[in-house]
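Below, read A as the first sequence line, B as the second, and so on, with proteins coming before strands; counting in each chain starts at 1.
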Number of protein chains: 2
Amino acid sequence: MREVLAQAAFQLFLERGFERTTVDDIVARAGVGRRSFFRYFPSKEDAVFPDHERCLAEMTEFLAAADDSDPVGAVSDAARIVLRMYAANPEFSVQRYRLTREVPGLRTYELSVVRRYEQTLAGHLRSRFGEDGDGALRAEVIAASVVAAHNNGLRLWLRSGGEGDPEVAVDHALALVREAWGRPAASTASTAPAVPEASTAPVVPFAVSGGGDGDGEVVVMVARKGTPMWRVVQQIEAAVGEN
Amino acid sequence: MREVLAQAAFQLFLERGFERTTVDDIVARAGVGRRSFFRYFPSKEDAVFPDHERCLAEMTEFLAAADDSDPVGAVSDAARIVLRMYAANPEFSVQRYRLTREVPGLRTYELSVVRRYEQTLAGHLRSRFGEDGDGALRAEVIAASVVAAHNNGLRLWLRSGGEGDPEVAVDHALALVREAWGRPAASTASTAPAVPEASTAPVVPFAVSGGGDGDGEVVVMVARKGTPMWRVVQQIEAAVGEN
DNA sequence: TTACAGAGGGTACTGAGTGCCATAGTCTCT
DNA sequence: AGAGACTATGGCACTCAGTACCCTCTGTAA
């Protein structure tokens, strides 16, 4: 039934476009009641990505069983799981890609899906790197890199119409990431110098009327050297105005 | 009017929550017609992020004027523009952060905003790296890394309640990215293009010696109203000093 | 047979977002 | 001053996604 609905929906989306297809249209073609649609898909967008939940679960399971010795390799392999899901149905994936490119609502929805993959990868890396120090930072940056690399290779394949093997492009992209992050780089983390807090107002803005029309007005500011940048900007924004 | 609506909306979101606030509630509090709301904000979510459009335009402008010698440094500095927008209104940013964490719809919306920043950065890198070979790949991965690093530092600051200087965490995070992807060394602040614009210099900084030790020194700046924020900041950074 | 459970269907409602038109203020040209 | 145009705003009606509530049907166990 879920399958029937997903297929009916996808057909209609290709025929009339996503926005010009109502849920009533979908359930009419599928021959079911409108209420049933929302039983199987929380939203209209979900019908376009019917298999991501399963794929996400698969990735989670894979990472839980992964070897601890090479976390970056593990998340790279986890990303390949997603790739294979796409590669398993080239024509569907390509059509969906074209559809998603056209429809802003679907693009946004896809972002939230990708984000969940990314967070799953980041969570795994975090658990290996540790939460403290730069562990969380490295985890998130590497996860983002892996996802970006994967998506680059995947899009390359999708734009080609689903011809050939997508894994070669993705492998190459992931190799580039591994080259940058894979080896344990000597962290030259220099603890940033603490900026002293000025108790007195660091910035004193004056608005001075200029030519006569309000637009040529000039703002004069006085700041102490060493004032934190954000505090200066805060004052200036208030003075210069948002326009 | 836009401002009035945004404030009324944000108040109500904090009071009753996002979903439990209808557009009718907002326009009632703002004292305007319902139709006007959608004139200023395409969707209810947009009212929560009223300044991202301007910030994105600012970033685009900044990158268009950026030096070609150090693309990674340029996109890092571009990311700092976003940071400063958050830092300019700490209490608002923190409240919005907490709100966004709670509401799935807002999280998704924020993702689409972040994505646009990322694509802007990637576009700039792509134009410098070249589209061919690994140029596009490197551009997208580095853009994703920069965004992830920026967001990590930003979230750290937001979770702290907006205390202190967010730039130190973000600088540190961006340094980690630069270490992995950028060329060696090159402090970010020192690459700031030194001045410029003989025609209409928007900012004229003066350093005036103060007490005797260099720390009490005072800087006087003059800016025309309507000057792009990033240009002002650029000048001030050169004058106030990097730290 | 009744009791029950679970899948699907139907109806009415809320609320976001849009299209269309009316009205008021402002600017310009003569 | 007055006609015409342009812009900002309000009002109204409509579509459609998503939800709450209740109904029917079917199969199973006692």
Euclidean distance, B:Asp25 CG relative to B:Glu15 CD, rounded to 0.5 Å: 10.0 Å
Nearest-nucleotide pick for A:Lys44, side chain only, options being D:dG11, D:dG18, C:dG8: D:dG18
Gap between atoms CZ and P, on B:Phe38 and C:dC20 respectively (whole Å): 17 Å
CD/B:Gln11: more than 12 non-hydrogen atoms of other groups inside 6.0 Å: yes
B:Ser36 side-chain N/O to D:dT9 phosphate OP1/OP2 under 4.0 Å: no
Exercise: do A:Asp46 and A:Tyr109 side chains pair donor with acceptor under 3.5 Å: yes
Sugar-phosphate only, base, or nothing, as touched by A:Tyr40 at under 4.0 Å among non-hydrogen atoms: sugar-phosphate
Cationic tip of B:Arg96 above B:Tyr86 ring, under 6.0 Å, 45° of axis: yes
Whole angstrom value for the distance that separates P of C:dA16 from CG of B:Asp46: 14 Å
B:Phe37 CZ - C:dG15 C1' separation (whole Å): 13 Å
Heavy-atom donor-acceptor pair, B:Arg34 side-chain to C:dG17 base, under 3.5 Å: yes
DNA chain D: 5'-proximal contact among B:Met1 and A:Glu19 (nearest heavy atom): B:Met1
d(CD1, A:Ile26; P, C:dG9) in whole Å: 15 Å
Nucleotide of D:dG10, C:dG8, D:dG18 approaching A:Glu45 most closely (side-chain heavy atoms): D:dG18
Nearest to side-chain heavy atoms of B:Arg39, which nucleotide of C:dG17, D:dT19, D:dG10: D:dG10
Whole angstrom value for the distance that separates P of C:dG15 from CZ of B:Arg16: 11 Å
Residue B:Arg159 excluded, over 12 heavy atoms near CZ under 6.0 Å: yes
Polar side-chain contact B:Arg35-C:dG19 base: donor and acceptor under 3.5 Å: yes
Between P of C:dG15 and CZ of B:Arg20, the distance in whole Å: 9 Å
